[in-house]
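Because the structure is a prediction, the values reported are computed rather than measured. All ligand and atom numbering here is 1-based and tracks the order in the structure.
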Amino acid sequence: MKRRDFLTLSGVAALCILTGCGGGKSNGSNSMGMGGMMGGGGSSTIPTGGIKTSSLPIPELLTPTDRGGVKHYDLTLQKAQHDFFNGIKTDTFGINSTYLGPTLLMKNGDSVSVNYTNNLGELVTMHGHGMHLPPSMDGTAHQPINDGETWSATYTVNQKACTNWYHPHTMDKTAEHVYKGLAGLIMIEDAESIALELPKRYGEDDIPLVLQDRFFNNGQLNYNPSMMQVMRGYVGDIFMANGAIDATLDVEAKEIRFRILNGSNSSIYELGFEDGRSFKQIATDNAFLEAPVSLSRLTLSPAERAEIVVDLSDAMGKTIAFKDFRHNKTFFTIDVNKTATITTSLPSTLTTLEKLNPSDAVRTRNFVLDGSMGNFQINSKSMDINRIDERVPLGDIEVWEVRNNMMVDHNFHIHATHFFLIERDGSSANVTANEKGYKDVIYIPANGSVKVIVQMKDYADNSVPYMYHCHFLEHEDAGMMGQFLVTN
Ligand code: C2O
Ligand code: CU
Ligand code: CU
């Protein structure tokens, strides 16, 4: 949908927001109310052959090739066809694959070159989300990759162990590019993560999860959000994990670690196990938590990551759905059918986080997320690639206060760094234990606000900016994004 189109529809959308007509929550029903009536992806039609059931695909773990001391990851972005359904090939984009891309395993301190070759037939850019790297290597619209070209992000890995990801950041087209299948995980390990007694057999007891939802029209991806879906979140009715619908994961009866990415365009997920069992969150976006936090539901907004460990040692013979309770949808089903070959026991201390002190902050910056007439803005400005919105001195400790002035949910992402949440809705008491970690995306429900503390380190550049934005991809593409320079 073009910005022009939703200007004319915005009156209807505003009405929908006030009256709560359909769209955001489908609660298991395929009826999406007015979303469908307004020409958007209303409900999926499943091809007659049905869903192709499979075991949960585990993205290839791409170990790099060493060329002259630099670890190279060669990624080809291509048009592809993926088997979501029987008897139908779905047109997709994939990375070394037919949908999504391999997991890049990196070690802190490595010097790496992530080489993206664009065979999509159109321009793309590729961003390392959560990576602490120089602006010229960030992969935003300032580093375009033309069709047929290769662009390399070369940098030294310079951060704690965590689960990051890579995805397109194409101006005005990020949402559509991700929807078609362009995304993959980056796993960073360090001496500490290697030494910790955690499940770490990739694909066995250390399971990567890219969670998404989609609309399909006769088996083809249908990226066609209505005005209202742009506003309230484009939540599909087919939920999937690692590019598979209704998949099954066979595991040993032991502790299992999941590295979870909310890889959706604009859906909030409330994750948990069908039988209500509790689990431990061990990591936020950019690092381990200092200690595991016990939860039975985990809320993740788009682009947020979490690592969890669930103890299934009591569950031999059981099948347990892994679900989004907000929309009452199953991502995949766990089949506990193997005896443990190795047992692990979750440590009570995971890491030490360097915390910034609010009293050391030298200034507060204010960001207001707002929109009117279908035009999404930050501080009353829509994204302009030729405008620098903020200049942030290298090394300064700052408080960023972000206010959601709308009646719809948003989140806020800052490139190339992590931050700490210090207040939610005006109070530090509202910061939950599992938010007390390194974050690069923070959920801001309708009319909510957050204060985060941030310090830009290591990489100043007086001409190439980083970005901050809402990570609801429809909002980002519609203008809810700004640019900042880290200056010295
Ligand atoms: Cu996930 Cu601007 O990025
Ligand atoms: Cu990012
Ligand atoms: Cu938003």
Name the atoms and distances for all side-chain donor-acceptor pairs under 3.5 Å in residues 480-487, with sequence neighbours left out.
from, atom 1, to, atom 2, distance (Å)
Q483, OE1, H142, NE2, 2.6
Q483, NE2, D384, O, 3.0
Q483, NE2, I385, O, 2.9
Q483, NE2, R387, O, 2.8

What is the number of protein N, O or S atoms that sit under 2.8 Å away from the Cu ion (ligand 2)?
2
Distance-only side-chain donor-acceptor flag, T351 / E192, under 3.5 Å
yes
Listing request: all salt bridge (charged side-chain N to carboxylate O under 4.0 Å, His left out) pairs with a residue in residues 91-106, at least two apart in sequence or in separate chains.
none
Side chains of H418 and D440 only: does a donor on one sit below 3.5 Å from an acceptor on the other?
no
For M240 and F84, run side-chain contact (heavy atoms from CB on, under 4.5 Å): C-alpha distance rounded to whole Å, both residues' side-chain angles, the deciding distance at 0.1 Å, then the answer.
CA-CA 9 Å; M240 57 176 76; F84 293 105; 3.7 Å; yes
Does a side chain donor of either T170 or H177 reach within less than 3.5 Å of an acceptor in the other side chain?
yes
Would you tell me whether N115 and S152 have side-chain atoms, one donor and one acceptor, within less than 3.5 Å of each other?
yes
For atom 1 (Cu) of ligand 1, which protein N/O/S atoms are closer than 2.8 Å?
H129 ND1, H167 NE2, H471 NE2
Tell me, with the steps shown, if N405 and D370 meet side-chain hydrogen bond (donor to acceptor under 3.5 Å, both in side chains).
CA-CA 5 Å; N405 231 6; D370 213 339; 3.3 Å; yes
Parallel, tilted or perpendicular: ring planes of F367 versus F412, cut at 30 and 60 degrees:
tilted
